[in-house]
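Just below is one structure, and these are the notes that go with it.
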Amino acid sequence: MNARILLFSGIAALAAIAAVLFVAARPEAPLPASLAEAGLSRSKAPAAPQAAATPAPKPVDTGFVIKRILPISGPIKYGDWHWDEEGVPAGPIVLTVDLDARVLSVFRAGYEIGATAVLLGTEDHPTPLGVFPITQKEKVHFSSIYTGAPMPYMQRLTNDGITLHGSQVELGYASHGCIGMPEKFAARLFATTHIGDKVYVTRGKQVGVGDSLVGG
């Protein structure tokens with residue numbers, strides 16, 4: 001009898017120990033602190049990539065946008081010139097010279113106020129292409145390079161002698177690279193420009209209303 005009791009007691013003790021070991025060995029899933037955390041723990045979508053910021057467009061200076069071209073019919077002949085600034089507002093001055101058309105144009109605030117045929121350089125002494133600020137102005141000037149040749153209303157573009165100046169354009173002579181124009185036109189241009197105003201010398205560049213004088 002005592003032996004059976006001891007046997008049952010030993011079996012019960014072993015069963016209790018096995019139950020404790022089974023519970024201790026079973027892993028328990030951590031409980032979320034809230035329902036929101038429970039949802040996130042189930043599925044967490046990757047964050048959508050942010051689109052790159054689009055750079056703001058550069059502001060356009062309307063003072064350099066062409067608003068008017070003088071209504072000139074036909075090509076401008078040597079000695080011919082046009083000037084009309086009536087009603088044109090104040091604004092920046094830009095000069096353009098097209099070596100192919102042999103025409104100089106004057107723009108103020110984007111309005112063409114003057115245009116004339118010009119004398120240009122030869123193949124040996126070409127008029128250079130580029131953008132040139134006016135660096136010197138002299139109403140009465142004589143060339144120190146070409147034997148004292150008169151250059152009235154001179155406006156210097158380069159240090160090696162390229163200038164704007166009045167000339168006997170109607171004779172059709174070529175220059176040594178300078179941009180010569182009728183003297184009366186040169187006088188008006190001289191009174192209009194300032195030191196630092198820019199002259200754009202191009203070859204065959206086509207521009208029209210709405211285009212920028214200084215772009216491209």
Side-chain angles (χ1 to χ4, degrees), residues 61 63-64 66 68-70 72 76-85 88-122 124-205 207 212-215:
D61 191 335
F64 297 105
I66 299 176
R68 183 190 76 176
I69 300 292
L70 286 174
I72 302 170
I76 305 175
K77 299 178 181 179
Y78 281 129
D80 290 346
W81 58 277
H82 304 265
W83 194 279
D84 182 6
E85 57 184 307
V88 175
I93 297 293
V94 175
L95 278 61
T96 64
V97 179
D98 186 335
L99 299 186
D100 285 349
R102 305 180 75 84
V103 170
L104 178 149
S105 291
V106 187
F107 292 86
R108 186 171 74 206
Y111 294 82
E112 187 180 31
I113 60 174
T116 185
V118 290
L119 295 180
L120 300 170
T122 63
D124 294 333
H125 301 280
T127 301
L129 294 166
V131 183
F132 306 95
I134 296 172
T135 59
Q136 180 188 359
K137 297 179 64 170
E138 194 168 293
K139 186 175 181 180
V140 179
H141 181 81
F142 295 90
S143 174
S144 59
I145 301 175
Y146 303 111
T147 63
M151 302 169 67
Y153 303 103
M154 185 276 296
Q155 302 188 68
R156 185 175 302 282
L157 303 183
T158 71
N159 291 331
D160 58 356
I162 304 300
T163 69
L164 307 169
H165 64 80
S167 181
Q168 292 182 310
V169 177
E170 61 275 9
L171 299 179
Y173 296 146
S175 73
H176 285 82
C178 289
I179 300 168
M181 64 200 73
E183 191 166 331
K184 289 183 179 180
F185 184 93
R188 288 206 175 191
L189 182 64
F190 189 91
T192 301
T193 59
H194 307 85
I195 298 294
D197 288 342
K198 292 181 179 178
V199 181
Y200 289 76
V201 182
T202 62
R203 184 178 295 281
K205 181 180 179 180
V207 292
S212 174
L213 286 163
V214 300

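Put simply, the side chain of Phe185 does not reach to within 4.5 Å of the side chain of Val169, judged on heavy atoms. With a 4.5 Å cut-off on side-chain heavy atoms, Leu189 and Gln155 count as touching. Within the 4.5 Å cutoff, the side chain of Tyr153 has no heavy atoms near those of the Met181 side chain. For the pair Trp81/Val118, no side-chain contact is recorded, criterion being any heavy-atom separation below 4.5 Å from C-beta on. With a 4.5 Å cut-off on side-chain heavy atoms, Asp84 and Ile113 do not count as touching. A 4.5 Å side-chain heavy-atom check between Tyr78 and Leu119 finds at least one atom pair inside the cut-off.
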Subject >> Full working for side-chain contact (heavy atoms from CB on, under 4.5 Å) between Lys205 and Thr96 >> reply: CA-CA 10 Å; Lys205 181 180 179 180; Thr96 64; over 6 Å; no
**OP:** Take Asp160 and Thr158 through the test side chain to side chain donor-acceptor pair (under 3.5 Å) and record every step on the way to the result.
**Re:** CA-CA 5 Å; Asp160 58 356; Thr158 71; 2.4 Å; yes
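With rounding to the nearest 0.5 Å, the separation of CZ in Phe64 from CD1 in Ile93 is 10.0 Å. Taking CD1 of Ile66 as the reference point, atom OH of Tyr111 lies at 12.5 Å (rounded to 0.5 Å). One distance of note links CE of Met151 with OG1 of Thr163; it measures 3.0 Å at 0.5 Å rounding. Glu85 CD to Leu70 CG: the interatomic distance, rounded to the nearest 0.5 Å, is 11.0 Å. Rounded to the nearest 0.5 Å, atoms CG (Asp98) and CZ (Arg203) are 8.5 Å apart. How far CE of Met154 is from CD of Glu138: 5.0 Å, rounded to the nearest 0.5 Å.
Taking each heavy atom of Pro128 and Gly177 in turn, the nearest pair found is CD-O, 4.3 Å. The heavy-atom pair separating Arg108 from Pro89 by the smallest distance is NE-O, 3.2 Å. Annotation for Ser105 and Phe107: closest pair CB-CE1, 3.7 Å, computed over non-hydrogen atoms. Residues Pro182 and Ala117 share a closest heavy-atom pair of CD-O, 3.9 Å. Across all their heavy atoms, Cys178 and His165 have their closest contact at CB-NE2, 3.5 Å.
For the side-chain contact (heavy atoms from CB on, under 4.5 Å) test with Leu157, the passing option among Leu164, Thr135, Val97, Thr127 is Leu164; the others fail.
Within the cation-pi definition used here (under 6.0 Å to the ring centroid, within 45° of the axis), Lys137 qualifies as a partner of Phe190.
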